[in-house]
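Just so you know, ligand 1 is whichever comes first in the structure, and atom 1 is the first atom listed for that ligand. The analysis underlying the following values was restricted to heavy atoms, covering all of them including side chains, and did not include hydrogens, waters or symmetry mates.
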Amino acid sequence: MRAVIVAAGYGSRFLPASKTVPKEMFPIVDRPAIDFILQELSESGIEDILLITSRRKRALEDHVDREVELEQVFESEGNAAKQRSIAVPPGRFFFLRQQRMLGTGHAILMAEPFTGGDPFVVVFPDDLHVGGPPLTRQLIDTYDRTGCSVLAVEHDPPHLERYGVVSLAADGLHVTDIVEKPPPGTEPSRDISIGRYLYTPEIYPALRRRWERHRGGEFNYTEGVRELARGGRVVIRRMEGRRLDIGTPAGYLRSILEYAAADPELAAEIEAFRAGGGDAPGEDSAASAS
Ligand code: G1P
């Protein structure tokens, strides 16, 4: 199966940082956010990955390329750990630019020559996944059992109004509708769509039909999902594990803290900060010189 990462968005919640640095390259301590997505896809058995990008996102292309000069330096130093740290992420990468910000539905339509007549995975890289089987793998398992398009779903997070909220059939599996960012109090359920989707190729004609009637503004993926859902062709997969939402400054900060808390040295720094002290004992003074 192939995957499409929709990474064309401006990242306007992170301006001015995102003016020149793609938000997908923002570091979670020392790893760019996109690395977590690429690892998830690789662990899910996906090799071919299309990144839909835009102007100012060239760093993403460099990230999946070799850094020959540094490789030579680290090799001559015999520094295997540093060599590993700049290794090219696993996968074969393809790039397409979305030239106008016409929305996620439009971005998906651009992927058709890449995915052809096969089912494929779509990733919105603002959502990272930790714990449990890789989220993309979970979607593939559900597709294998149902043959339907699959939405990854989380139950009852805060701020439902920021998400696509799904309505479910009585079987608790099939999606009957999805509403993008419903005003508080109007949500059809407490189940939100998170940034992983497995689409059958039926999504293309569904999106195209809606696109032909679309009159201005962003064209959202939900337009196509609604149409497929009406025919009973969309199911959910309740996410096992947890989502880290790096799409807002607050969520990004929490994600960094959570990642750091799992590393004993960095966890000690967080503790020292909380206690109002200076550096944690054991701080490597050489690090500040690099
Ligand atoms: C997008 C989708 C929304 C989904 C969310 C998941 O919203 O449009 O349906 O629930 O991702 O993170 P955005 O984060 O672009 O506002």
Side-chain angles (χ1 to χ4, degrees), residues 3-15 18 22-24 26 28 33-34 36-37 40 51-54 57 98 100-111 121-130 135-136 138-139 149-168 175-184 186-199 203 206-207 210-211 214 217-229 234-239 241-255:
V4 179
I5 302 179
V6 177
Y10 288 128
S12 52
R13 294 180 190 122
F14 288 94
L15 287 170
S18 56
K23 64 179 171 163
E24 297 79 11
F26 283 10
I28 308 292
I34 193 75
F36 292 82
I37 303 283
E40 174 189 324
L51 283 111
I52 299 192
T53 66
S54 57
K57 299 262 180 167
Q98 190 179 22
R100 285 188 296 151
M101 293 299 99
L102 291 174
T104 50
H106 176 265
I108 293 169
L109 277 173
M110 290 177 64
V121 168
V122 168
V123 175
F124 294 167
D126 276 355
D127 286 328
L128 305 185
H129 174 257
V130 292
L135 185 50
T136 295
Q138 296 179 35
L139 296 190
S149 292
V150 189
L151 308 188
V153 157
E154 179 180 350
H155 185 65
D156 210 17
H159 296 296
L160 294 176
E161 73 279 5
R162 290 187 189 157
Y163 302 97
V165 181
V166 301
S167 308
L168 295 179
V175 174
T176 54
D177 199 6
I178 180 165
V179 184
E180 182 69 4
K181 301 188 174 53
T186 68
E187 308 86 358
S189 78
R190 314 292 301 169
D191 289 315
I192 64 146
S193 143
I194 60 180
R196 299 293 182 284
Y197 308 82
L198 191 156
Y199 292 118
I203 193 69
L207 279 171
R210 294 297 192 110
W211 174 245
H214 185 67
E218 286 204 357
F219 180 62
N220 204 276
Y221 76 99
T222 47
E223 301 270 341
V225 169
R226 285 188 112 152
E227 189 148 328
L228 292 189
V234 184
V235 297
I236 59 158
R237 169 72 187 224
R238 287 192 191 281
M239 167 189 63
R242 277 176 317 102
R243 176 175 64 103
L244 301 182
D245 175 3
I246 56 167
T248 63
Y252 175 58
L253 175 62
R254 264 198 307 276
S255 306

### Message
Minimum heavy-atom separation for S193 and I178, please, with both atom names.
### Response
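Closest approach of S193 to I178: CB-CD1, 4.0 Å.
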### Query
Closest heavy-atom contact between P125 and I5?
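Heavy-atom minimum between the residues: CG-CG2, 3.9 Å.
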### Query
Just how far is it from atom CG of L135 to atom CZ of R243, taken to the nearest 0.5 Å?
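Reported to 0.5 Å precision, the distance equals 10.5 Å.
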### Query
Looking at G164, which atoms of ligand 1 are within less than 4.0 Å of one of its heavy atoms?
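Under 4.0 Å from G164, ligand 1 has these atoms: 3 (C), 4 (C), 9 (O), 10 (O).
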### Task
Can you sort out which atoms of ligand 1 are near F124, meaning under 4.0 Å from one of its heavy atoms?
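Counting atoms of ligand 1 from 1, those under 4.0 Å from F124 are 1 (C), 2 (C), 11 (O).
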### Message
Tell me which one of L151, D156, V153, L160 satisfies side chain to side chain contact (heavy atoms under 4.5 Å, CB included) with I192.
### Response
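Going through the options one by one, the only one that passes is L160.
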### Message
So if I apply the side chain to side chain contact (heavy atoms under 4.5 Å, CB included) rule between Y221 and each of R226, E180, H106, which one comes out positive?
### Response
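Result: among R226, E180, H106, E180 is the only option passing the side chain to side chain contact (heavy atoms under 4.5 Å, CB included) with Y221.
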### Query
Is K57 reaching over with its side chain to a backbone N or O of A7, donor-acceptor style, under 3.5 angstrom?
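Yes; at least one donor-acceptor contact below 3.5 Å.
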When only distance counts, is [X] in polar contact with ligand 1, meaning an N/O pair under 3.5 Å?
X    : result
S193 : yes
D127 : yes
R243 : no
E180 : yes
T222 : no

### Message
Measuring from atom 7 (O) of ligand 1, which candidate in K181, E218, R13 has the nearest non-hydrogen atom?
### Response
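Nearest heavy atom to atom 7 (O) of ligand 1 lies in K181.
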### Message
Checking a contact table here: which protein heavy atom is nearest atom 14 (O) of ligand 1, and how many Å away?
### Response
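The closest one turns out to be D126 OD2, 4.2 Å.
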### Query
Should the ring pair F124 and Y197 be called parallel, tilted or perpendicular, given that the plane angle runs from 0 to 90° and is split at 30 and 60?
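Taking Y197 first and then F124, their aromatic rings sit tilted (interplane angle of 30° to 60°).
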